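Beneath this line is the structure, given in structure tokens, with notes to follow.
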Amino acid sequence: MTKLYLFNILFFILLLTTSCKSSKEGNLQTNLKTMDSNCPDDGICSLEVIKSKSLEIKQDAISALYPVLTEGNSNVLKFSYKRNEIANTQDGQYSEVIYAELPENIKDIELNDANLSTVKLLFARLCFCRGQTGYYNVSKGKLEIQKKEDGTFNFKLQFKIDEVPQIITLIDTSFSLN
């Protein structure tokens with residue numbers, strides 16, 4: 001083997017080992033837990049607490065909404081439901097995501113309907129569902145958050161989206177900021 005050939009192999013291996021690192025954001029503090037309660041049997045639900053972030057709801061060129069997490073003094077809750085993929089189908093992925101931005105020092109919260117906008121409540125239906133996918137502001141429902149004696153929080157959200165069909169209509173769980 002020639003020296004150039006060996007050099008190219010070593011360079012390629014070096015390139016692979018240095019470029020395969022995770023692109024995880026260094027200061028993103030999250031707390032992710034899988035949930036069983038109120039989760040449909042055909043999928044997996046999880047709740048993620050994203051600390052020291054703010055939720056911005058932006059619009060693209062066709063006025064479709066989308067979330068952007070930025071540095072901030074709030075905590076963002078991200079509830080996710082991911083349906084198990086249907087065997088032998090293309091584009092069979094389906095998920096729903098609900099975002100809420102909570103103040104850094106959370107107190108008991110009770111919000112109804114139009115007041116849900118104070119926590120930037122956002123629902124996403126993500127699937128290959130022509131004309132029935134995207135992000136939507138939640139303006140119908142009730143959100144209750146109560147701090148328990150042990151420092152954890154009860155989170156209960158019952159809501160309805162008129163724009164698209166939805167599977168998740170109730171989230172009843174607890175979370176911690178620790």
Side-chain angles (χ1 to χ4, degrees), residues 25 27-59 64-86 93-127 129 132-178:
E25 200 173 312
N27 63 354
L28 185 63
Q29 299 175 0
T30 67
N31 180 4
L32 178 67
K33 76 172 191 174
T34 304
M35 301 171 35
D36 292 327
S37 64
N38 304 109
C39 189
D41 293 335
D42 66 346
I44 297 171
C45 294
S46 62
L47 180 69
E48 183 176 9
V49 178
I50 307 167
K51 298 178 183 177
S52 302
K53 294 291 179 181
S54 291
L55 176 64
E56 289 186 34
I57 301 172
K58 297 195 173 195
Q59 287 187 339
L65 301 177
Y66 65 96
V68 174
L69 295 178
T70 59
E71 294 298 320
N73 295 326
S74 300
N75 297 299
V76 176
L77 291 185
K78 179 183 177 184
F79 173 85
S80 300
Y81 159 68
K82 183 176 181 184
R83 184 181 67 198
N84 299 330
E85 290 190 33
I86 301 168
Q93 301 91 357
Y94 181 93
S95 61
E96 293 182 357
V97 180
I98 295 94
Y99 290 94
E101 180 186 272
L102 304 177
E104 185 176 36
N105 297 316
I106 303 171
K107 307 253 189 263
D108 288 355
I109 295 174
E110 188 171 325
L111 300 171
N112 291 303
D113 299 331
N115 292 329
L116 294 170
S117 65
T118 61
V119 294
K120 301 179 184 177
L121 206 54
L122 188 66
F123 171 82
R125 182 175 195 240
L126 306 172
C127 57
C129 313
Q132 295 186 329
T133 189
Y135 292 86
Y136 304 91
N137 286 312
V138 178
S139 59
K140 289 184 180 178
K142 182 176 183 177
L143 172 65
E144 295 175 326
I145 299 176
Q146 295 176 334
K147 188 172 186 175
K148 299 190 302 186
E149 288 182 18
D150 65 358
T152 61
F153 296 87
N154 283 332
F155 179 91
K156 185 174 183 179
L157 172 65
Q158 190 162 7
F159 68 106
K160 173 78 175 111
I161 300 295
D162 290 331
E163 294 87 349
V164 294
Q166 71 187 91
I167 294 173
I168 301 297
T169 58
L170 173 67
I171 301 168
D172 191 356
T173 189
S174 62
F175 69 93
S176 171
L177 296 176
N178 299 329

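All residue numbers in this chain count up from 1 along the given sequence. Please read all numbers here as calculations on a predicted model, not as lab measurements.
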Checklist entry - At what distance, to the nearest 0.5 angstrom, does CG of L102 lie from CG of L77? => result 4.5 Å
Checklist entry - Taking C-beta and beyond as the side chain, do E104 and S74 meet within less than 4.5 Å on heavy atoms? => result no
Checklist entry - Could you give the distance from OG1 (T169) to CZ (F159), rounded to the nearest 0.5 Å? => result 7.0 Å
Checklist entry - Does N137 reach the side chain of L121, with side-chain heavy atoms less than 4.5 Å apart? => result no
Item to check | Any donor-acceptor N or O pair under 3.5 Å, side chains Y136, R125 | outcome: no
Next on the checklist: Do F79 and I168 make a side-chain contact, defined as non-hydrogen atoms from C-beta onward lying under 4.5 Å apart?
Outcome noted: yes
Checklist entry - Is there a donor-acceptor contact under 3.5 Å linking the side chains of T152 and D150? => result yes
Next on the checklist: To check you understand the geometry: which heavy-atom pair defines the closest contact between S174 and N154, and what is its length?
Outcome noted: CB-OD1, 4.0 Å
Next on the checklist: To the closest 0.5 Å, what do you measure between CD (Q166) and CZ (F123)?
Outcome noted: 5.0 Å
Checklist entry - Under the side-chain contact (heavy atoms from CB on, under 4.5 Å) criterion, do I50 and L69 qualify, and how do the steps go? => result CA-CA 9 Å; I50 307 167; L69 295 178; 3.7 Å; yes
Checklist entry - For N112, does the CG atom sit with more than 12 other heavy atoms under 6.0 Å from it, leaving out its own atoms? => result yes
Item to check | Closest heavy-atom pair and its distance - D41, N84 | outcome: O-ND2, 4.4 Å
Checklist entry - CD/E96 to SG/C45 distance, rounded to the nearest 0.5 angstrom? => result 9.0 Å
Checklist entry - F175 and F153: aromatic ring centres closer than 6.0 Å? => result yes
Item to check | Derivation of the side-chain contact (heavy atoms from CB on, under 4.5 Å) call for I57 and Y66 | outcome: CA-CA 6 Å; I57 301 172; Y66 65 96; over 6 Å; no
Next on the checklist: Salt bridge or not between K140 and D162? Use side-chain N to carboxylate O under 4.0 Å.
Outcome noted: yes
Next on the checklist: Do R83 and P40 make a side-chain contact, defined as non-hydrogen atoms from C-beta onward lying under 4.5 Å apart?
Outcome noted: no
Checklist entry - Any side-chain heavy-atom pair from L143 and F155 closer than 4.5 angstrom? => result yes
Checklist entry - Does a sphere of radius 6.0 Å around NZ in K107 hold more than 12 heavy atoms from other residues, nucleotides or ligands, not counting ones at 6.0 Å or beyond? => result no
Next on the checklist: If the threshold is 4.0 Å, N to carboxylate O, is there a salt bridge linking E110 and K142?
Outcome noted: yes
Next on the checklist: Could you tell me if the side chain of D113 sits less than 4.5 Å from the side chain of N115, heavy atoms only?
Outcome noted: no
Checklist outcome for this item: Rounded to the nearest 0.5 Å, the SG atom of C39 sits from the CG atom of L170 at a distance of 11.5 Å
Next on the checklist: Going by side chain to side chain contact (heavy atoms under 4.5 Å, CB included), Y94 matches just one of I167, L126, T133. Which one?
Outcome noted: I167
Checklist outcome for this item: Looking only at heavy atoms, the pair that brings L55 and P67 closest together is CD1-CB, 3.7 Å
Next on the checklist: With side-chain contact (heavy atoms from CB on, under 4.5 Å) as the criterion, how do Q132 and V164 come out once you've worked through the C-alpha distance, each side chain's angles and the decisive distance to 0.1 Å?
Outcome noted: CA-CA 6 Å; Q132 295 186 329; V164 294; 4.1 Å; yes
Next on the checklist: Could you report the tightest heavy-atom contact between E101 and S54, atom names first, then the distance?
Outcome noted: OE1-CA, 3.1 Å
Item to check | Gap between atom CG of L122 and atom NZ of K78 - 0.5 Å precision | outcome: 11.5 Å
Checklist entry - Can any side-chain N or O of D108 pair as donor or acceptor with the backbone N or O of K147 at less than 3.5 Å? => result yes
Checklist entry - Are D42 and Y81 linked by a side-chain donor-acceptor pair shorter than 3.5 Å? => result yes
Item to check | Sub-4.5 Å side-chain heavy-atom contact between S80 and S46 | outcome: yes
Item to check | D172 (side chain) donor-acceptor with K156 (main chain) under 3.5 angstrom | outcome: no
Checklist entry - Passes side-chain contact (heavy atoms from CB on, under 4.5 Å), I109 versus E144? Steps please. => result CA-CA 5 Å; I109 295 174; E144 295 175 326; over 6 Å; no
Checklist entry - Donor-acceptor pair, K51 side chain versus L177 backbone, under 3.5 Å? => result yes
